[in-house]
Amino acid sequence: MKKHLNAVAIGALMGLAFVGGHTLTFEGWAQDKAPDKAATSDATDTYKQLDLFGEVFERVRAEYVEQVSDKQLIESAINGMLTSLDPHSNFLNSDEFQDMQSQTRGSFGGLGIEVTMENGVVKVVSPIDDTPAAKAGVQAGDLIIAIDGKPIVNMSLNEAVDKMRGPVGSNIVITVRRGDQEPFDLTLARATIPVESVRWRTEGDVGYIRITSFTERTEDGLKRGIADIKKKLGDKLQGYVLDLRNDPGGLLDQAIAVSDAFLDKGEIVSTRSRKADQAQRYNATPGDLADGLPLVVLINGGSASASEIVAGALQDHHRAVLMGTQSFGKGSVQTIIPLPGHGAMRLTTARYYTPSGRSIQQLGITPDIEVQQARIEEIAQMRGYREADLKGALNNDNKQNVPAEGGADQKAPATPPAGGGAQTDKPATPGQDKAASPPSDGAADANKPADVDYQLSRALDLLRGLALFQKGQAG
């Protein structure tokens, strides 16, 4: 009898009993005058399951090889219930809840990677720009299989994340498996991870805006970035590249605000939950911060959740051209539900859909133009003959005797080279294979990185072409 009462008490404490979709309180059950048979049967089954929980709880509490606190057992039980539902639902104790709030508001100490759990190991969704992880070369898709030499198998995602965090300046060794390569170790020094989610700069006559995550300050950062770019370029501004590569997402309201910044009207996203009457639609308000200028959005396999909402909305409204590779495919919304005195629970409460009704869950967003990240090589070419090199060639009647650059002003051999070309002693210079996310300067005037970002280069070329075409139509 004692154990049965314990089970009921624990069940009441944890709020585990659900009947007909509503939380069952035992006081409310006592007041039901005439419950129907189906409800009575469901309640009986629920009590039996709670009794099973009580039996297990008492046995672990009394006989486990090491003493475990009741708090630890109950929190683990709650977390197990939530994590068994999907990869994104989980329990946050008070410390974890505080850390989560820090990520969306200020800063935290760690490595600078967004992760998820896959097949018992931690999978990197994306590294955060300018953090120890990004500088050490951690890439989206990497699997972290051990931390400080201890395998991650059987750890929860929260436990693994907790081990990766620690005092700023302390070292940690992570073991990484990348594709078919042999696992290798990376030693990183933990650092304060800032949550400055928007960075910008100018690329010639184009405004480049990078969003690394969607935090409470993302909308304000975007507005500041656009205003600064307009001030720098003025009438020379051709358009914007919005870089969402390796952006793991964040706050839904910020994704809506960023989409709204470039849309003048229409639906941005809709969410559908368990109950049909709880569906919500979010629409754009008048005004386009980009003034209708061309927009190219960069995405890749590290673009997830909120960044996919933005990409999907701009794509469906034909407001932007999407370039890059297939996005991550996280199409669910998590609600943070505070549990006063106990932290909070992160619960998947809805799926979201793009304006055309697409669900990107598991599928992701397909770019309009697929561009893989690649190396750029400068291929040495022979010094070929041109019209201006030929004896007796007619002069240009607009600019008399002005040779084309690299033309007749350069000495040419008396006869064409044999074999169709001449060798050069200048070797081809390979470019650096840059990771999907470009360096983040944080200011419009920042010096451009020396490394070549192939996807960004293609985006800039495309945007300038779109601007030229748009001006042609206007003319």
Side-chain angles (χ1 to χ4, degrees), residues 95-96 98-118 121-152 155 157-179 181-199 210-215 217 221 243-250 300-304 307 328 373 432-443 446-447 449-451 453:
D95 291 338
E96 293 164 342
Q98 187 175 359
D99 288 342
M100 186 276 298
Q101 291 175 311
S102 297
Q103 291 180 46
T104 57
R105 293 178 184 172
S107 63
F108 61 94
L111 306 181
I113 48 177
E114 296 287 344
V115 295
T116 187
M117 185 68 78
E118 183 175 287
V121 296
V122 172
K123 182 177 182 179
V124 177
V125 174
S126 65
I128 299 173
D129 291 349
D130 296 331
T131 62
K135 293 175 181 177
V138 175
Q139 299 178 9
D142 283 351
L143 300 178
I144 299 176
I145 60 176
I147 299 174
D148 287 332
K150 296 181 180 179
I152 282 180
M155 281 187 195
L157 182 59
N158 284 342
E159 290 171 335
V161 169
D162 189 56
K163 286 185 175 295
M164 286 187 281
R165 292 186 178 181
V168 173
S170 60
N171 289 334
I172 180 175
V173 178
I174 59 173
T175 303
V176 176
R177 179 186 296 154
R178 179 177 299 162
Q181 299 180 28
E182 287 293 320
F184 56 92
D185 290 340
L186 289 175
T187 301
L188 300 90
R190 296 180 178 92
T192 299
I193 308 301
V195 190
E196 287 297 333
S197 61
V198 182
R199 301 180 176 95
R210 162 84 173 141
I211 299 181
T212 59
S213 62
F214 288 81
T215 70
R217 294 183 288 182
D243 192 348
L244 300 179
R245 291 174 298 176
N246 290 334
D247 183 332
N300 67 0
S303 306
S307 57
F328 185 75
Q373 190 66 292
Q432 301 266 340
D433 186 13
K434 187 61 187 162
S437 55
S440 46
D441 317 13
N447 295 326
D451 295 339
D453 184 336

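- Every residue meeting the side chain to side chain contact (heavy atoms under 4.5 Å, CB included) condition with Ser126, not counting sequence neighbours, appears here in chain and number order: Glu114, Asn246, Pro248.
- At a threshold of 4.5 Å between non-hydrogen side-chain atoms, the residues Lys163 and Asp148 do not count as touching.
- One finds the CG atom of Asp247 at 4.5 Å from the OG atom of Ser307 (value rounded to the nearest 0.5 Å).
- Under the salt bridge (Lys or Arg N to Asp or Glu O under 4.0 Å) criterion, Glu159 pairs with no residue at all, not counting sequence neighbours.
- Closest of all the heavy-atom pairs between Leu186 and Leu188 is O-CD1, 3.5 Å.
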Throw together a table of side-chain donor-acceptor distances under 3.5 angstrom for residues 140-147, partners on residues two or more places apart or in other chains.
unit_1 : atom_1 : unit_2 : atom_2 : d
Asp142 : OD1    : Arg178 : NE     : 2.8
Asp142 : OD2    : Gln139 : N      : 2.8
Asp142 : OD2    : Arg178 : NE     : 3.4
Asp142 : OD2    : Arg178 : NH2    : 2.8

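- For Pro132 against Gly110, the heavy-atom pair with the smallest separation is CG-O, 4.2 Å.
- Pairing each heavy atom of Gly301 with each of Phe328, the nearest pair is O-CB, 3.4 Å.
- The pair Arg165-Asp95 fails the salt-bridge criterion, with no side-chain N (NZ, NE, NH1 or NH2) lying under 4.0 Å from an Asp/Glu carboxylate O.
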From CA spacing to verdict: side-chain contact (heavy atoms from CB on, under 4.5 Å), Val121, Arg177:
CA-CA 10 Å; Val121 296; Arg177 179 186 296 154; 5.7 Å; no

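- Minimum interatomic distance between Ser197 and Ser213 (heavy atoms only, all atoms of both residues): CB-O, 2.9 Å.
- With sequence neighbours left out, the side chain to side chain donor-acceptor pair (under 3.5 Å) criterion links Asp185 to Thr175.
- Within the 4.5 Å cutoff, the side chain of Asn300 has no heavy atoms near those of the Gln373 side chain.
- For the atom pair Ile211 CD1 and Arg199 CZ, the distance stands at 11.5 Å (nearest 0.5 Å).
- Side-chain contact between Val124 and Val176 is absent, with no heavy-atom pair separated by less than 4.5 Å.
- Here the CG atom belonging to Leu157 is positioned 5.0 Å from the CE atom belonging to Met117, to the nearest 0.5 angstrom.
- Asp162 pairs by the side chain to side chain donor-acceptor pair (under 3.5 Å) definition with nothing, not counting sequence neighbours.
- Annotation for Arg245 and Asp453: closest pair NH2-OD2, 2.8 Å, computed over non-hydrogen atoms.
- Every side chain to side chain donor-acceptor pair (under 3.5 Å) that Ser170 has, sequence neighbours left out, goes to Arg190.
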